[in-house]
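In what follows, chains are A, B, ... by sequence order, proteins preceding strands, each numbered from 1. FYI, side chains are in, hydrogens and waters are out, and symmetry mates aren't considered; it's all heavy atoms of this structure.
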Amino acid sequence: MVSASIIKQRESLPIFPYRQEIIEAIRQENLLVIIGETGSGKTTQIPQYILESFEDVKFIGVTQPRRIAAITVSTRVSEEHGSKLGEVVGYSIRFDDCTSSKTRLRYMTDGVLLREATLDPRLEQYNVIIVDEAHERTLETDVLFGLLKTTHILRPELKILVMSATLNVEKFSDFFNSCPIFVIPGRTYNVLINHHRDARIISLKSTFVMRAVETALYIHCQEQPGDILVFLTGQGEIEKACRDLLDQEANLNYRKDVKYADEVRGIVVYPIYATLETLEQKAVFEDPPRYTRKIIFATNIAQTSVTIPGIKYVVDSGFVKQKSYDPTTGMDALLVVPISQAAATQRAGRAGRTAPGKAYRLYSRESFEQMEKETIPEIQRSSLLGTVLSLKKMGIRDILNFEFIDPPDPLLVKNALKQLFLLEAIDDKGKLTRLGDEMSIFPLSPFLSRVLVASSKEFECSREILIIVAMLSVEEIFISPRSEEKQFEAGERRKEFYHPSGDHMTLLNIFEAYLDNGYSREWCKERYLNRRTLTMAKNIRDQLRELMLKHDLPIISCRIKNEDKINDNNRSRKRHRRNSHADTKYDTNKILEAFSTSYYINLAKRHSHRPLFYHYASARASDNEDIDANSSLLALHISSTSSLFPDNKIVRMEDLDWVMYHNVLYTNKALMKVISKVKIEWVEERLKLFEKLVSVNLDGDDDEKNEGQENENDDDDDDDKFKAVTNIKIEENRIMKEEEKKNQRLAAVEAARQRAIHRRASNSER
DNA sequence: GAGCACTGC
């Protein structure tokens with residue numbers, strides 16, 4: 001039963017007056033863009049309007065960028081619908097499918113739909129697909145857009161709705177054949193925006209933390225009661241800002257300095273960032289004590305993922321910490337960069353959710369004008385390795401010309417193709433190999449999928465590799481406590497797990513010990529291990545194991561019964577005997593060699609007398625025999641969180657000639673995150689693939705274009721049709737781009753001619 | 001020689 005209060009609530013939403021109009025628009029259009037600000041009710045109501053008015057609609061899919069949104073929204077909607085969650089209304093996220101045969105409306109993460117699309121690009125089970133929060137432009141959303149365009153041609157009856165919060169959505173409409181845009185007026189309050197008079201954003205980079213604290217204090221002294229949200233970029237500076245503000249507030253004379261001292265007599269200060277433990281986060285959402293002002297220092301988490309109620313003032317530093325992938329070095333950089341105008345607007349909007357508010361920007365109006373209009377979409381600053389493999393799996397040949405709404409730099413696509421070739425997932429013509437086909441079944445980085453397949457078919461250690469791969473797929477396993485003495489203790493406890501070969505085996509040790517101790521909460525706590533992350537790793541391990549069994553990839557252990565039989569590095573084993581977890585119980589060489597089948601790409605050689613490393617392939621490519629003397633090479637450092645970090649004395653630097661790293665993160669220098677020792681003979685043969693790289697054409701356009709329908713051992717007609725249509729679309733796209741280039745060239749020539757004429761004319765005038 | 005935004009399959 002649906003209560004009267006629920007009906008009343010639904011009818012009070014800003015969207016409700018437009019119900020009939022929306023239903024009519026959806027009836028008429030099979031491609032439609034809908035704009036509605038947060039709080040308009042579009043996410044919860046529109047799918048229900050469709051359920052209520054379209055009898056022939058059997059199944060609706062709604063994507064969300066975040067898991068938590070899929071759960072909370074579907075819970076709310078099932079309540080409104082008057083049924084139990086998982087019946088008519090349900091959700092699907094990784095590891096948690098809360099739907100049944102009765103389900104007609106399914107909320108899910110965009111990643112889940114993308115995975116489904118790789119199996120069935122026609123999305124046959126759906127009558128309606130709604131891509132919600134499209135303005136966030138996640139990598140998954142952008143790939144879905146490209147695929148849905150083909151699906152629309154093959155299944156014109158499928159209703160595709162794109163929902164977004166920003167006003168700047170003509171781009172979406174343009175992309176989807178200039179489809180109509182439906183605008184739902186919002187209901188937000190005015191936010192008065194104060195720019196700094198003259199501060200240029202570039203000059204703020206070193207001072208914005210200090211200035212943000214000053215500004216928060218200024219607001220506290222001069223403005224009416226109301227909570228303050230301050231946008232900064234990272235954990236360290238947020239903790240510092242909290243301390244500084246409290247220090248400065250302690251020196252205030254409330255009667256003299258604080259204008260509204262009758263109403264505000266103190267402050268509470270909170271940090272909020274993603275790695276903060278959930279318990280600590282809770283106070284942030286609660287009302288502050290009476291007569292106190294709540295001041296929150298936040299990362300970008302408060303811009304999109306988390307809403308803090310009752311914010312009246314926003315302080316915007318103008319910066320964000322953003323990850324971007326550099327295809328020339330193969331590294332991720334995590335750098336502090338200026339935000340976009342759209343982000344600044346979104347941040348300011350956080351002050352007007354419940355009442356009119358004010359936003360203080362630490363930068364000038366001119367600086368705002370000079371910012372990028374929109375944040376660069378994820379797809380243009382990520383490695384496309386996994387994406388390209390998925391697209392190849394779907395039979396799309398010419399990825400360079402795939403119809404992306406904002407095409408990534410061709411360098412990014414070429415880089416992904418090269419890496420897939422080095423992983424032997426595609427052949428020298430850019431065609432998916434048998435190995436590549438097997439790799440694409442796993443929801444993993446292709447590097448890890450490759451290792452998993454190798455461990456099962458070649459190295460007979462898939463049981464252990466499954467664990468390590470799962471551990472590499474989750475975030476930080478170690479908890480770093482805030483107090484210094486606890487930090488020391490945590491460091492000491494961590495050493496119990498260190499393995500002399502490096503971090504891969506260390507991760508295995510931790511997981512095995514976690515299993516041996518029955519997933520005990522206490523056990524984790526004593527060792528400063530993050531139990532939530534370990535649980536996640538276990539879920540991922542189980543999911544991957546299921547996938548392996550399903551695809552006939554055997555699970556084999558390389559555990560060694562009689563320890564004395566192995567001749568691997570006896571000395572170092574003895575040295576660590578006191579650490580029960582670090583005893584070698586596995587055929588370490590097998591495990592690491594399996595990893596080297598992918599990670600030979602990330603092979604690094606040590607500097608002859610310093611604890612620095614150089615990427616081996618880059619060194620060879622630059623054709624310089626003396627690796628130490630090659631100044632153009634970027635030095636790679638060992639992360640302090642690695643078991644092989646020099647100070648840990650797990651291994652002598654002299655014994656560490658070759659390592660492979662799992663990834664590199666560039667902040668102020670390049671840090672290798674997870675590393676292990678490598679024997680050069682494991683990888684010598686594979687390194688030759690680097691040499692082949694110069695002579696292959698992986699773009700997959702010229703050779704195969706005329707081959708027509710490919711026979712790839714699957715006789716699914718629909719699938720072939722999808723491939724064919726997508727590939728035709730891509731071909732059109734390519735021709736269009738060439739045409740455009742030609743026109744641009746012609747225009748340039750014409751412009752030059754005009755200039756020349758003009759010059760001649762003005763010369764003759766003189 | 002010491003710290004790393006946010007998500008997701």
Rounding to a whole Å, what distance do you find between [X]:[atom1] and [N]:[atom2]?
X	N	atom1	atom2	value
Arg67(A)	dT7(B)	CZ	P	12 Å
Lys649(A)	dG1(B)	NZ	P	13 Å
Ile238(A)	dC6(B)	CD1	P	8 Å
Asn648(A)	dA2(B)	CG	P	15 Å
Leu384(A)	dC9(B)	CG	P	19 Å
Glu116(A)	dC9(B)	CD	P	12 Å
Leu385(A)	dG8(B)	CG	P	21 Å
Leu334(A)	dT7(B)	CG	C1'	13 Å

ring-ring contact (aromatic ring centres under 6.0 Å, His included) assessment of Tyr661(A) paired with Tyr599(A): CA-CA 7 Å; Tyr661(A) 53 85; Tyr599(A) 289 91; 8.3 Å; no
More 5' along DNA chain B: His637(A) or Thr641(A), using each one's nearest nucleotide?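 In this pair, the answer is His637(A).
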For a quick test of reading the model: is some side-chain N or O of [X] closer than 4.0 Å to OP1 or OP2 of [N]?
X	N	result
Ser305(A)	dC6(B)	no
Thr299(A)	dC6(B)	yes
Lys669(A)	dG1(B)	no
Ser639(A)	dA2(B)	no

Face-on cation placement of Arg606(A) at Phe613(A) ring, 6.0 Å and 45° thresholds: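 Relative to the ring axis of Phe613(A), which defines the angle, Arg606(A) lies outside at least one limit.
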Determine the contact category for Gln543(A): base if any of its heavy atoms lies under 4.0 Å from a base atom, sugar-phosphate if only primed atoms, P, OP1 or OP2 are that close, otherwise nothing.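 Since no nucleic acid heavy atom lies under 4.0 Å of Gln543(A), the category is nothing.
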Among [options], the one nearest [X] by side-chain distance:
X	options	result
Gln487(A)	dG3(B), dC9(B), dC6(B)	dG3(B)
Lys323(A)	dA2(B), dA5(B), dC4(B)	dA5(B)
Thr109(A)	dC6(B), dC9(B), dT7(B)	dC9(B)
Arg94(A)	dC9(B), dG1(B), dC6(B)	dC9(B)
Asp647(A)	dC4(B), dT7(B), dG1(B)	dG1(B)

Donor/acceptor link under 3.5 angstrom from Asp110(A) side chain onto base of dG8(B):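 No such pair is found, so the answer is no.
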May I ask you to decide whether Glu492(A) forms a salt bridge with Arg527(A), counting only side-chain N to carboxylate O separations under 4.0 Å?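 Looking at Glu492(A) and Arg527(A), the cut-off is not met.
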Salt bridge check: are Glu116(A) and Arg106(A) linked by an N-O gap of less than 4.0 Å?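 Judged by the 4.0 Å cut-off on N to carboxylate O distance, Glu116(A) and Arg106(A) do form a salt bridge.
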In terms of ring plane angle, is the pair His504(A) and His662(A) parallel, tilted or perpendicular, where the classes change at 30° and 60°?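 His504(A) and His662(A): perpendicular rings.
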